[in-house]
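Convention: sequence-line order gives letters A, B, ...; per-chain numbering from 1.
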Amino acid sequence: MVVRVLNVAEKPSAAKEISGLLSGGRGYQTRAGFSPYNKVFEFECDLDRQRVPFVFTSVSGHLKVLDFEDRCRKWGSCSPRALLSRSTSNLVSYVPSEMKPIENTLHREARACTVLILWLDGDSEGENIAYEVMSVCLSKNPRLLVKRARFSAITTQDMRQALDNLGSLNAPLNAMVEARQELDLRAGAAFTRFLTTRVRDEFLVSELKQVVSYGPCQFPTLALVVDRFLTIQSFVPQDFFVIDLTLRFANAGRNVSLKFDWNRSRLFDRFIASAVFEMCYESSIGPDQEQALVVAVQKSQRTRWKPLPLATVEMQKQVSRKLGMSSEVTMQVAEKLYTQGFISYPRTETDVFNRNLNLTELVQNQASDRRWGSFATRLLNPSQDDPIQFQWPRAGKNNDEAHPPIHPTRPAPPNGFESRDMDRLYEYIARRFLACCSVDAKGSETVIVAQVGAELFNAKGMIVERQGFYEVFIYDRWVDKDLPPVATGDRAPIEALELRTGKTEPPPLLSESDLISLMDKHGIGTDATIAQHIQKILERGYVSKNHLKRFQPELLGLALVESYESCQVSLARPYMRAQQEQSLKQISTNSIGKNEMLESALSSFGSMYELLENNARSLDEVFRRIFVQPNATDSWRILQPEVTRCGACTNRLALKQLNKPTARRRGNARTTEPVRRALTCSSCQLNLVMPPFGTLHAFGATCPICGFEVVRIENSERNTEYKICPKCYNDPPSAREVNASGQPRGAFRCFNCSQAGCPLATAVVGGSDTVCCVCPWCSSPCNVRKTNLFRVSCSSSRCNFAYFFPRFVEGVVVTDTTCTNCAAKKLEMTFLRTMLPPGTPQCLLVCIWCDQAYHTVLELTGEPRPRRTATARDIEGVHSAVRAGRGRTSRGVQRSRRGRRGGSRT
DNA sequence: GCAAGGTC
């Protein structure tokens with residue numbers, strides 16, 4: 001019989017790469033599949049020492065989805081409880097319509113082949129997809145001989161080895177995935193339907209659009225946020241005591257003060273601390289005693305290791321921490337960079353580079369970049385006196401045997417990427433890669449140990465001898481700390497000796513990076529899904545991010561966790577997912593059968609369901625506070641029972657109407673009196689007047705000035721929205737916010753505020769409305785604004801000009817000084833010193849267009865200068881906007897502009 | 001309308 005082999009990979013890129021390797025230098029032919037993305041490659045290849053035709057195609061992840069049978073698919077068609085039992089509801093697995101083209105390709109190719117080789121990824125999901133592909137192919141050609149290829153990397157060697165050692169499919173591993181799918185679906189659907197319908201039916205919130213969902217990953221994630229919140233709430237500060245010592249040393253003819261740390265760090269017992277301090281103090285008094293003795297000067301070498309190769313979870317954590325991008329956005333941007341061929345596959349657990357990968361070639365690729373190209377060149381062409389040279393990256397401990405660590409695959413486009421986020425993420429990946437391929441940083445640490453009485457104190461100094469990878473990895477710094485020249489036996493006068501009292505502080509709320517680490521630790525989600533789970537609990541309104549981008553539970557999230565706990569239902573505990581994964585693993589090792597495991601897990605979910613249902617009163621109590629609508633007869637008094645959080649007492653503020661609505665006749669038109677309304681705090685006796693129009697929503701962020709929760713006001717008729725702090729709206733923070741004639745600027749919204757560090761405060765000190773220069777593209781006035789970054793942008797709605805200041809610019813003030821060259825207002829800029837090389841000024845007063853001082857700072861950091869010239873594309877953008885008679889093309893920009901201009905003023 | 005896991 002003529003042998004013809006059908007091969008299937010998990011994604012199109014893998015099919016193409018493997019085809020390239022297996023066909024050797026002879027190349028392959030490409031044909032279209034029914035899906036435009038999943039092409040078919042054809043070539044000849046040796047199999048069992050015989051040259052045979054190979055047909056290679058791909059799927060795009062899972063081919064099938066799992067759902068309930070029709071009978072149970074509609075909400076309300078059965079009790080949610082029935083979804084938790086295999087005897088009362090059945091599941092069906094089918095190919096959804098969007099996957100039909102791929103299925104059709106497999107059908108067509110399977111008919112014409114005799115052997116099927118499954119080249120799916122080497123993880124459990126890959127095994128499950130292999131089964132899906134097999135069932136689809138066998139349905140059209142039951143006589144196919146099915147084989148599984150196993151490989152850890154897409155290299156010629158691995159491919160050949162896989163082909164010479166074809167195996168069979170791993171049924172227990174597949175059974176494990178099937179069990180996971182079934183459990184997640186049944187439990188997710190049952191609890192979600194129960195929670196959502198209970199809210200709707202019990203409280204008659206018939207138009208409830210919100211889903212109150214349960215998911216085995218989202219709930220433990222929520223629990224992590226709530227846990228930290230409760231830890232902070234219940235934190236009891238403890239007094240501690242520290243002895244601070246400052247000594248005076250002579251250095252180059254000048255006296256310098258040096259602070260020392262106490263070797264005991266701190267003591268918690270007031271009496272012991274006082275006694276120790278007294279002894280210390282006594283021994284320092286006296287004619288010859290007011291000196292400390294230097295008892296040791298210890299020198300040691302210190303190394304800071306270069307970073308490990310980059311895996312997905314680490315990327316999400318670091319990019320959130322260093323660039324302030326959420327993990328969700330990071331993954332979207334990374335996906336874009338990947339599909340455009342700029343970086344390797346962004347979903348990988350691997351933090352060790354395979355020795356077969358040609359890293360020097362990848363480094364060479366970066367040599368053309370104007371920002372870090374010179375570093376790449378130094379790596380490859382080391383000179384004798386240059387410590388920077390190529391060294392193979394350190395090896396991490398994780399390897400998914402499927403993808404390499406994330407690295408750049410080709411140089412950045414010379415004119416930058418289409419979005420700033422792509423620019424920033426690519427830069428991070430490229431710099432991190434070069435840092436991995438360079439050398440550790442080395443420094444020399446000096447510790448001076450001084451003695452007063454019987455107590456020892458230390459001061460540390462550092463001389464960085466080799467910056468190593470820090471030269472390219474600008475996200476971290478290692479800086480010198482000078483010490484005066486001191487030798488053992490020296491005596492130094494005591495400048496200060498004090499017993500200081502401090503209080504222990506609770507840990508902060510979780511940052512995104514903290515949350516990702518905890519999810520990773522507890523095995524919640526995978527590298528590819530962690531970001532989605534975080535996004536989900538935000539969307540569901542269980543948690544929000546405050547102005548510091550830290551996660552705080554919302555009332556609903558807190559209530560869900562608390563009420564589950566009160567019913568003794570352990571679904572909202574961080575370890576639940578890991579525990580479930582553990583039981584599932586037993587299926588893959590054949591320690592337990594799939595059916596047996598499922599029956600037991602489902603029965604346990606069933607018990608929890610019943611527990612929740614029987615104790616639903618406590619759940620109702622909580623939901624009532626959140627969802628109950630005010631009594632219809634009282635509706636002119638209470639409009640929304642719980643809108644936002646009071647900054648004084650943390651109670652929820654209610655929105656009350658202050659006047660009865662009355663209709664009046666003005667001429668022929670019948671008009672309604674505007675509603676006067678206020679947020680009121682029952683315990684603080686506070687009334688905060690609110691704008692009369694628009695719906696109020698809690699925004700999640702907290703005002704850093706007064707601690708009130710920010711409110712988002714949405715006016716759907718005018719299609720505007722803006723944010724206010726309820727307190728600042730009534731009581732603007734200071735005279736900072738006055739207009740040119742010294743009058744307060746009407747109603748005070750977040751965008752009028754210039755509070756440093758608050759991302760909502762987008763006004764600039766000196767006034768957002770102050771013109772700072774003429775637009776280089778269209779000659780309209782330009783203002784300085786602030787969103788995440790400061791920027792100079794054109795005020796014309798028809799022009800897209802904007803110059804974003806680099807991230808190290810942390811403050812911009814428009815001054816009255818003008819540039820003698822171009823008449824632009826000079827800007828006073830303050831820089832974040834930790835992001836700049838040593839010796840850079842911390843503050844500059846400059847014209848950003850003409851002053852060399854600013855341009856020098858930009859050159860030092862590899863940032864581009866502000867461009868006065870527009871590209872052809874920019875100009876065409878302006879022209880087409882003018883032709884179309886509209887403003888900026890982005891809807892979001894248009895909306896926010898209206899907000900700024902007072903279109904939403906009420 | 002519900003989950004989590006792949007993937008474009």
task: Just do the ring-ring contact (aromatic ring centres under 6.0 Å, His included) check on A:Y214 and A:F191 with the steps written out, would you?
output: CA-CA 6 Å; A:Y214 160 79; A:F191 286 99; 5.2 Å; yes
task: Would you sort out whether A:Y28 and A:F56 count as a ring-ring contact (aromatic ring centres under 6.0 Å, His included), showing the intermediate values?
output: CA-CA 10 Å; A:Y28 51 76; A:F56 216 122; 9.6 Å; no
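Backbone-only contact: A:T192 has heavy atoms under 4.0 Å from sugar-phosphate atoms and none from a base. Heavy atoms of A:D527 sit nowhere under 4.0 angstrom from any nucleic acid atom. Using a 4.0 Å heavy-atom distance criterion, A:Y345 is classed as a sugar-phosphate-only contact. Note on A:F191: nothing from the nucleic acid sits closer than 4.0 angstrom, heavy atoms only. Across all strands shown, A:M99 has heavy atoms under 4.0 Å from base atoms, whether or not it also approaches the sugar-phosphate. At the heavy-atom level, A:S58 lies nowhere under 4.0 Å from the strands shown.
Between the CZ atom of A:F342 and the P atom of B:dC8 there is a distance of 18 Å, rounded to whole Å. B:dG6 atom C1' lies 15 Å from atom CD1 of A:I530, rounded to whole Å. In this structure, CD1 of A:I537 is placed 17 Å from C1' of B:dC2, rounded to the nearest angstrom. Rounded to a whole Å, the CD atom of A:E335 is 13 Å from the P atom of B:dG6. The separation between A:E539 atom CD and B:dA4 atom P is 12 Å, rounded to whole Å. Rounded to whole Å, atom P of B:dA3 lies 15 Å from atom CD of A:Q580. Atom NZ of A:K64 and atom C1' of B:dA4 are 18 Å apart (whole Å). Rounded to an integer number of Å, the gap from A:E132 CD to B:dA4 C1' is 13 Å.
For residues 83-109 of chain A, the pairs satisfying salt bridge (Lys or Arg N to Asp or Glu O under 4.0 Å) are A:R31-A:E109, A:R86-A:E182, A:K100-A:E103, with sequence neighbours left out. The side chain to side chain donor-acceptor pair (under 3.5 Å) pairs that include a residue from residues 218-227 of chain A are A:S213-A:Q218, where partners are two or more places apart or lie in different chains.
Using a 4.0 Å cut-off, no side-chain N or O of A:R180 falls inside it from OP1 or OP2 of B:dG6. Listed pair A:R186 / B:dA4 fails the phosphate criterion, with no side-chain N or O lying under 4.0 Å from OP1 or OP2. Taking only side-chain nitrogens and oxygens, A:Q218 comes nearer than 4.0 Å to OP1 or OP2 of B:dA4. At least one side-chain nitrogen or oxygen of A:H533 sits closer than 4.0 Å to the OP1 or OP2 atom of B:dG5. An OP1 or OP2 oxygen of B:dC8 is reached within less than 4.0 angstrom by no side-chain nitrogen or oxygen of A:T339. For B:dA4, the OP1/OP2 oxygens have no side-chain nitrogen or oxygen of A:T526 closer than 4.0 Å.
With hydrogens and angles left out, the side-chain atoms of A:T330 and A:Q316 include no donor and acceptor closer than 3.5 Å. Side-chain atoms of A:K11 and A:S60 form no donor-acceptor pair, as typed in the model, at a separation below 3.5 Å. In this model, a donor atom of one side chain and an acceptor atom of the other lie less than 3.5 Å apart for A:S58 and A:N38.
Contacts between residues 596-613 of chain A and DNA chain B, counted as heavy-atom distances below 4.0 Å, involve no residue at all. Annotation: proximity of residues 9-16 of chain A to DNA chain B (heavy atom, distance under 4.0 Å) is found for A:E10, A:K11, A:P12, numbered in ascending order. Scanning residues 69-77 of chain A for heavy-atom distances under 4.0 Å to DNA chain B yields A:W75. For DNA chain B, no neighbouring residue in residues 78-91 of chain A is found when judged by any heavy atom under 4.0 Å. For residues 116-129 of chain A, proximity to DNA chain B is found at A:D121, A:E125, defined as any non-hydrogen atom under 4.0 angstrom from a strand atom.
Between A:R347 and A:C217, the one whose closest nucleotide on DNA chain B sits nearer the 5' end is A:C217. Each of A:E182 and A:V59 lies near DNA chain B, and the nucleotide nearest A:E182 is the one positioned closer to the 5' end.
Taking 4.5 Å as the limit, some side-chain heavy atom of A:M519 sits within range of a side-chain heavy atom of A:I534. Using a 4.5 Å cut-off on side-chain heavy atoms (C-beta onward), A:I117 and A:L163 make contact. Residues A:N128 and A:H62 meet the side-chain proximity criterion, which asks for heavy atoms closer than 4.5 Å.
Under the salt bridge (Lys or Arg N to Asp or Glu O under 4.0 Å) criterion, A:K545 pairs with A:E512, sequence neighbours left out. Residues that satisfy the ring pair (Phe, Tyr, Trp, His ring centres under 6.0 Å) test with A:F68, not counting sequence neighbours, are absent from this structure. For the side-chain hydrogen bond (donor to acceptor under 3.5 Å, both in side chains) test, no residue two or more places apart in sequence or in another chain qualifies with A:D123. Looking at residues two or more places apart in sequence or on another chain, you find no ring pair (Phe, Tyr, Trp, His ring centres under 6.0 Å) involving A:F551.
Here B:dG5 is the nucleotide among B:dG1, B:dA3, B:dG5 with the atom lying nearest to any side-chain atom of A:H62. Nearest nucleotide to the A:A189 side chain, out of B:dC2, B:dT7, B:dA4: B:dC2.
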Which pairs would a plain distance check flag for residues 597-610 of chain A, meaning a side-chain donor or acceptor within less than 3.5 Å of a matching protein atom at least two apart in sequence or in another chain?
{"unit_1": "A:S607", "atom_1": "OG", "unit_2": "A:S603", "atom_2": "O", "d": "2.9"}
{"unit_1": "A:E610", "atom_1": "OE2", "unit_2": "A:R81", "atom_2": "NE", "d": "2.7"}
{"unit_1": "A:E610", "atom_1": "OE2", "unit_2": "A:R81", "atom_2": "NH2", "d": "3.0"}

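A salt bridge between A:D423 and A:R420 is absent, with no side-chain N of the basic residue lying under 4.0 Å from a carboxylate O of the acidic one. With salt bridges taken as basic N to acidic carboxylate O contacts below 4.0 Å, none links A:E328 and A:K536. Taking the charged nitrogens against the carboxylate oxygens, A:D184 and A:R577 do have a contact shorter than 4.0 Å, which makes a salt bridge.
Below the 3.5 angstrom threshold, one finds no donor paired with an acceptor across the side chain of A:D184 and the base of B:dC2.
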